[in-house]
Amino acid sequence: MKYDFASIEPKWQKKWLEEKTFTAVTGSDKPKFYGLVEFPYPSGQGLHVGHARPYTAMDVVARKKRMDGYNVLFPIGYDAFGLPTENYAIKNHIHPAKVTHDNIQNFRKQLQMLGYSFDYDREVNTTDPEYYKWTQWIFLQLFKKGLAYKTTMPVNWCTSCKCVLANEEVVEGVCERCGSPVIRKEKSQWMLKITEYAQRLIDDLDGLDFIERVKIQQKNWIGRSTGAEVTFKATTGDDIVVFTTRPDTLFGATYMVISPEHKYVKEWADRLTNLDEVNAYVAEAARKSDFERTELAADKEKTGVMLQGVKAVNPVNGREIPIFISDYVLASYGTGAIMAVPAHDTRDWAFAKKFGCEIIEVVAGGEDVQKEAFTAKDDTGILCNSEFLNGLTVKEAIPVITKWLEEKGIGHEQVNYKLRDWVFSRQRYWGEPIPMVWCDKCGWVPLPEEQLPLTLPEVENYEPTDDGESPISKMTDWVSTTCPHCGAPARRETDTMPQWAGSSWYFLRYMDPHNTGALASKEAMNYWSPVDWYNGGMEHTTLHLLYSRFWHKFLYDLGVVPTKEPYAKRTSHGMILGEGGEKMSKSRGNVVNPNDVIAQYGADTMRMYIMFIGDFEKAAAWSDNAVKGCKRFLDRVWNLSEQVKEGPASDVNAAALHKAIRKVGEDIDAMKFNTAIATLMSLVNDYYQNGCTKGDYAPLLIMLSPFAPHMAEELWEQLGYARETGCMACEQGWPAYDESKTVAATVNIAVQVGGKLRGTAEVPAGSDNAAIEEAAKAVPNVQKFLAGMEIIKVIHVPGKLVNFIVRPQA
RNA sequence: GCCGGUGUGAUGGAAUUGGUAGACGUGACGGACUCAAAAUCCGUUGGGCUAAUCCCCCGUGUGGGUUCGAGUCCCACCACCGGCACCA
C-alpha cells in the first residue's frame, strides 16, 4: 500500500482533537513538564515557516516528555493586539475584532494541520476582554505600588505609526516595526518603573538555565555601571552633581558638560551673557531626531556652547572650570551632567581639542595625552598630578578617592543603569485600554477592580490622529465618566497599552485559562510554575523576555505567583532563510508557505525537514530538494513495513538499534534534532541491509513518532499493535536501551604509528591491550612502518585506537 | 569602538568534547529496471599521485605553538554574521 499522507494525517488529527489526547490535567502523580513556545501574532498572512521551526521543535520535545512519563502542559494562544490588524481594519473597513477572529481561525487550522500536540482547550487570546481584564488588573497593581506613573518627557515618536515607542522598539533610530524615522517628542506618557528591578533582573539570571547569549544581551541592555556621584559648586551657589565611573581622574577635570535639557540652563538664564547662543543650541538639539543623533555619533563631530557667566569649581583643587552644554551628554543617563577629563576619555578629548580646553594628564602610562586620550582602566595606569592619589594604580585610587569624597560630604559611590523606564502608552485603538481616570480634583484615579474589564469602545474610525491622540479620544461618551473617588465629572485615559502588555503574563493564564476570579488559581500556579522550557526568538531578548521577567517579579512581590522567575530554561532557534540564503520576503518572492509543503509532501515531511535542516540555533536556508530527501526517508520507513518479518528484535540489528535509542533520546533532549534524524536514517539503512523484524521495527516507530507522529501512529495500527488512545507513543514510552547490546561483537581499532593512521585491526570486543597490539602488528601496512623500528611507547584508547611510538633501531 | 558568535567537500551540515575528519541528507557521475521517462534500487563522489576503489603525500579561514596525536587546546591575525553604541 502506498504512503497516503493526505488521508492519514487528517485521520489522526481528527482523533487527537476529538479524544482530547493532549489535554493537560492540573495535578497528577507524574512529574510535570511545562513547555512553552512564543504565541503567534495572528497576521493575515497566516502561519509562516518561521513559526514551524520553534513549534515543531517544542512539539518534538513535548511528545518525548510524555513518553518519558511527564504530565505535559504544551499550550498555544494568540497575541492579537497590535498595529497590523489595526491597519488592515482601517484599510478594509472591518472591525479589528472581526479581523482578529478570522485570522485566529486560520492560524488554528494551520497549527492543527501540522499535527502539533497543543492543548487547544487552553488557548488564550490577548484581545478577549476576559483575558485583558487581568492585564488591566496587573496594571492597577503596578499603579497602586507606585510602579506606574504618568509623566511628561521626550519620547520616541514613530512618524508613520503616529505612536510612541519604547526604547526597546527603536532600532538604529528607526521604528522596529515599520522602519520609519523616529523623532523625539515631548508627551505625557504612562511609564512603568522597570528600573526599580534592574539589579534583580541581572542578579537572578545566575540561577537560570538560559543560553549564554541571552543572559549577556540582557545584562548589556540593563547596562549596570559602578562609579561615583560628585557635587561641584557653581559660581551661582548651586550644586551640580555629576556621575563618573572614573572618580580617580577628578584632578584632571578641566571643564564640565551638562546636557542641553539640564534644568540649570533655564534657571541660570538671567546670568548667561550669551543666552541667545545657548537657546539656539538647545532648540537645535531638541529638534534632532534620534536617527540624526545616531548618524552623528558615528564620526563624533562634537558640538556645544560654553555657558558664559557661570563657572563650576572642582572640589578637589578649588579651580574654576568652564561649563558647556553639549548633546553628547544625555539628559536621561546619570545626572545629565559630567566632569570632563579630556586626558583620559576619548569623547572629552575630542571635545577639548575642538573647544581649546586644557588637557591635564593625571594617569601616567600611556602616550602623550595631548595627542590621544589614555583610557586604560587596568593596572597599567599610575596616578600623577593628583596630590594624595599620586603613585596609586587606577584600581587602587578609586576606593581612596571615593572614601575621601564621602568624608568631605561631596560625593559617594553610585550605580547607574542604561535601562530606562518602560514607556507604556500607545496612541492607538487596538490595545488594552488603560484603566485610569483623570479627575481635576483627585488627579489620576485607578478604576475600581470590580469595573474590570474596561472594554474598548466601538469607534467609527480607527485612524490614528496627527495631534498624537488615540482615536478613542474622539469617543466622548466613553471618555466622559465620573471620578471613582469623589464622583465629580472626569475623563478616562484614552491611550492604550503596548503589544508587550498581554504577552508579559500569558504563560500564567495557560495554567488556568478559564478562571473568572483570578488571573489563575494558586493551585494551578503552584503546580505548573515555573515554565520548564521556553523556546523563542533572539529578537525578544530585550523586549518580551525582559518585560515578562519584570512583571513576574512584580507579581512575585505581591504574592500572586510562587516563583521569582517565570522561566527555568530558555533556548533560541535560528531563522529560516529562503532558498539561496536570503531572508524570506514577499518582495524577493522566496516565501515558503507551509500549506503548500503540506499539500505536496505531507505534514510529517514538513516537520521532519524543518528539524533536519541544520543546527537548531543557527540560521538555515530552505531547500526544496532537501525536503524531497525527507519525503524519501519517510517513504523508505513506510515501504519497510511491508518487508517486516515476524519475530522479536534481531541480534544483527541490536547494536545499531540500541545505540540509536540512546543517541536519538539524548539528541532530542539537547535540541540536536538534525543528528537525531540522521541516526534514524542510518538505522533504517541498516534495517534494509540486514532485514528487519517486528521487534526491530516497533522501537523505530516509537522513536520516529515525535517527528512524524501521523505516520508512526498509522503504521503502529496497521501492524496490529495494541493501543488505547491516539498516542501509542505516550503509552509505550521511550524505548529502554541496553548498554550491553550497544557493543558489537567485534570492533575496528585504528592503528597509528607515530601518530599517523596506518591501518585498522578488527578485534573481538573487550580484547585486552596485548591482544590488540598483536592484532595491530599483524596488519601488513603497519608491519611496513614498524620494520627497522624500535617501539618505545604504546598508547591505547580503549575500543578505538592504538598508537605505536617508534624510533629507528640503534 | 565595545560585547558575543561563526569559518569543515560542489552543497546543508556531522565528528562521543584531544583519538580513524567529512556521519546523515542534497547535488553530480556510472549502472540496474523500463520502449522511454519519472519513481525505485545498487555503486562512486575532498585534492594530488596512480593502471588501481593498493600505497603515499596534502587537506577543517591564515600563521605559529603545545601534544604520541589538534577541526577540537594556547598565542597572533584575517573574513563574515548578530547585539549595543556620545551610557561619562
Side-chain angles (χ1 to χ4, degrees), chain A residues 171-172 212-221 223-225 227 242-246 249 257 293-294 296-302 326-330 332-341 344-348 350-351 375 416-420 538-539 541-542 574-575 581 609 612-615 617-630 632-633 635-636 639 659 662-663 666 672 674-685 688 748-760 780-781 784 792-806:
Chain A
V171 178
E172 288 174 4
E212 208 49 37
R213 55 199 169 117
V214 167
K215 289 190 183 183
I216 290 166
Q217 242 172 269
Q218 287 207 343
K219 280 184 194 165
N220 288 347
W221 182 261
R224 180 195 153 103
S225 70
V242 302
F243 174 70
T244 177
T245 55
R246 294 292 303 277
T249 61
V257 188
R293 281 191 146 202
T294 312
L296 290 171
D299 49 46
K300 300 192 173 59
E301 177 66 17
K302 297 283 183 286
S326 173
D327 66 1
Y328 87 90
V329 172
L330 308 174
S332 50
Y333 183 75
T335 60
I338 63 158
M339 62 176 210
V341 185
H344 304 292
D345 181 281
T346 51
R347 296 153 304 179
D348 296 345
F351 189 90
T375 58
N416 267 335
Y417 302 91
K418 287 195 228 175
L419 187 70
R420 319 272 170 83
M538 281 307 287
E539 71 276 16
T541 300
T542 55
M575 217 193 303
Y609 174 63
F612 188 59
I613 193 167
D615 184 335
E617 286 199 18
K618 291 192 199 131
W622 186 266
S623 159
D624 282 330
N625 275 323
V627 177
K628 285 181 206 155
C630 288
R632 218 169 273 165
F633 167 63
D635 280 336
R636 276 165 67 77
N639 294 335
K659 274 187 203 161
R662 181 176 60 193
K663 173 83 174 146
E666 286 173 356
K672 292 165 82 176
N674 52 339
T675 50
I677 293 170
T679 304
L680 291 173
M681 288 172 168
S682 290
L683 184 64
V684 169
N685 290 346
Y688 267 99
N748 272 315
I749 301 287
V751 185
Q752 296 184 341
V753 180
K756 281 191 186 280
L757 184 70
R758 296 304 178 189
T760 59
N781 199 46
K784 208 168 92 187
I792 55 174
K793 196 175 170 188
V794 183
I795 291 161
H796 284 274
V797 179
K800 286 252 131 194
L801 174 143
V802 59
N803 187 5
F804 296 106
I805 312 305
V806 297

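Numbered from 1 within each chain, the chains take letters A, B, ... in sequence-line order.
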Taking only the [atom1] atom of each, what is the distance from [N] to [M] in whole angstrom?
N: B/A14; M: B/G25; atom1: P; answer: 15 Å
N: B/G27; M: B/G65; atom1: P; answer: 44 Å
N: B/G12; M: B/U17; atom1: C1'; answer: 23 Å
N: B/U62; M: B/U67; atom1: P; answer: 23 Å
N: B/C86; M: B/G82; atom1: C1'; answer: 22 Å
N: B/G9; M: B/G46; atom1: C1'; answer: 5 Å
N: B/C84; M: B/C77; atom1: P; answer: 27 Å
N: B/C57; M: B/A23; atom1: C1'; answer: 25 Å

Just how far, in rounded Å, is [atom2] of [N] from [atom1] of [X]?
X: A/Phe612; N: B/G25; atom1: CZ; atom2: C1'; result: 4 Å
X: A/Trp221; N: B/A85; atom1: CH2; atom2: P; result: 5 Å
X: A/Asp615; N: B/A15; atom1: CG; atom2: C1'; result: 13 Å
X: A/Asn748; N: B/A23; atom1: CG; atom2: C1'; result: 16 Å
X: A/Leu801; N: B/A21; atom1: CG; atom2: P; result: 9 Å
X: A/Lys793; N: B/G19; atom1: NZ; atom2: P; result: 17 Å
X: A/Gln217; N: B/C84; atom1: CD; atom2: C1'; result: 8 Å
X: A/Met681; N: B/G12; atom1: CE; atom2: P; result: 17 Å

[options]: which one has an atom nearest the side-chain heavy atoms of [X]?
X: A/Ile338; options: B/G25, B/C68, B/A88; value: B/A88
X: A/Ala750; options: B/G19, B/A14, B/U20; value: B/U20
X: A/Thr244; options: B/A15, B/A88, B/C86; value: B/A88
X: A/Ser623; options: B/G25, B/U26, B/A88; value: B/U26
X: A/Lys618; options: B/G19, B/A15, B/U6; value: B/U6

Output yes when at least one side-chain N/O atom of [X] is less than 4.0 Å from OP1 or OP2 of [N], else no.
X: A/Ser225; N: B/A88; answer: yes
X: A/Tyr333; N: B/A88; answer: yes
X: A/Asn674; N: B/A23; answer: no

I want to check something: taking the side chain as every heavy atom from C-beta on, are [X] and [Y] in contact at a cut-off of under 4.5 Å?
X: A/Arg246; Y: A/Asp345; result: no
X: A/Phe804; Y: A/Lys793; result: no
X: A/Met339; Y: A/Thr249; result: yes

_SB check A/Lys672 A/Glu617 (cutoff 4.0 Å)_ = no

*Does any donor atom in the side chain of A/Tyr328 or A/Asp348 lie under 3.5 Å from an acceptor atom in the other side chain?*
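On atom types as modelled, these side chains qualify, holding a pair under 3.5 Å.
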
*Are A/Arg224 and A/Asn416 close enough that a side-chain donor and a side-chain acceptor fall under 3.5 Å?*
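No pair is found: no donor N or O on one side chain lies under 3.5 Å from an acceptor on the other.
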
Short heteroatom pairs, N/O only, protein and nucleotides 38-46 of chain B, under 3.5 Å:
residue	atom	partner	partner atom	Å
B/U40	OP1	A/Arg632	NE	3.4
B/C41	OP1	A/Arg636	NH1	2.9

Base, sugar-phosphate alone, or nothing: which one does [X] contact when heavy atoms must sit under 4.0 Å apart?
X: A/Lys672; value: sugar-phosphate
X: A/Gly754; value: sugar-phosphate
X: A/Glu212; value: nothing
X: A/Gly334; value: nothing
X: A/Lys418; value: base
X: A/Asn416; value: nothing
X: A/Ala340; value: nothing
X: A/Asp348; value: nothing
X: A/Ile613; value: sugar-phosphate
X: A/Thr245; value: sugar-phosphate

_Glycosidic class, syn or anti, of B/G9 using a 90° window around 0_ =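 Syn conformation for B/G9.
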
_Syn if the chi torsion is within 90° of 0, anti otherwise; quick check, which is B/U62?_
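Chi for B/U62 falls in the anti range.
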
*Quick one: side chain to side chain donor-acceptor pair (under 3.5 Å) partners of A/Gln218, sequence neighbours excluded?*
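For A/Gln218, the residues satisfying side chain to side chain donor-acceptor pair (under 3.5 Å) (neighbours in sequence not counted) are A/Arg549.
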
*Under the side chain to side chain donor-acceptor pair (under 3.5 Å) test, which residues partner A/Arg758, sequence neighbours left out?*
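With sequence neighbours excluded, A/Arg758 shows a side chain to side chain donor-acceptor pair (under 3.5 Å) to no residue whatsoever.
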
_Quick check on RNA chain B: between A/Asn625 and A/His796, whose nearest nucleotide comes earlier from the 5' end?_
A/His796

_Can you work out whether A/Ser332 or A/Ile795 has the more 5'-proximal nearest nucleotide on RNA chain B?_
A/Ile795

*Using Watson-Crick and G-U wobble pairs whose two distances are both under 3.5 Å, how do you write the pairing of RNA chain B as dot-bracket, with | for links to another strand?*
(((((((..(((......[....)))((((((.......))))))(((.......)))..(((((..]....))))))))))))....

*Verify the neighbour count for atom CE of A/Met575: are there more than 12 heavy atoms of other residues, nucleotides or ligands below 6.0 Å?*
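For A/Met575, atom CE is not crowded (no more than 12 foreign heavy atoms under 6.0 Å).
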
Listing time: all N or O pairs from protein to nucleotides 2-4 of chain B that are below 3.5 Å?
none

Atom pairs under 3.5 Å: protein N/O with N/O of nucleotides 52-59 of chain B:
residue	atom	partner	partner atom	Å
B/C55	O3'	A/Asn781	OD1	3.4
B/C55	O2'	A/Lys784	NZ	3.0
B/C56	OP1	A/Arg758	NH1	3.4
B/C56	OP1	A/Asn781	ND2	2.9
B/C57	OP1	A/Arg758	NH2	3.4
B/C57	OP2	A/Arg758	NH1	3.2

*asked:* Taking A/Ala626's backbone N and O only, do any of them form a donor-acceptor pair with A/Ser623's side chain (distance below 3.5 Å, no angle check)?
replied: yes

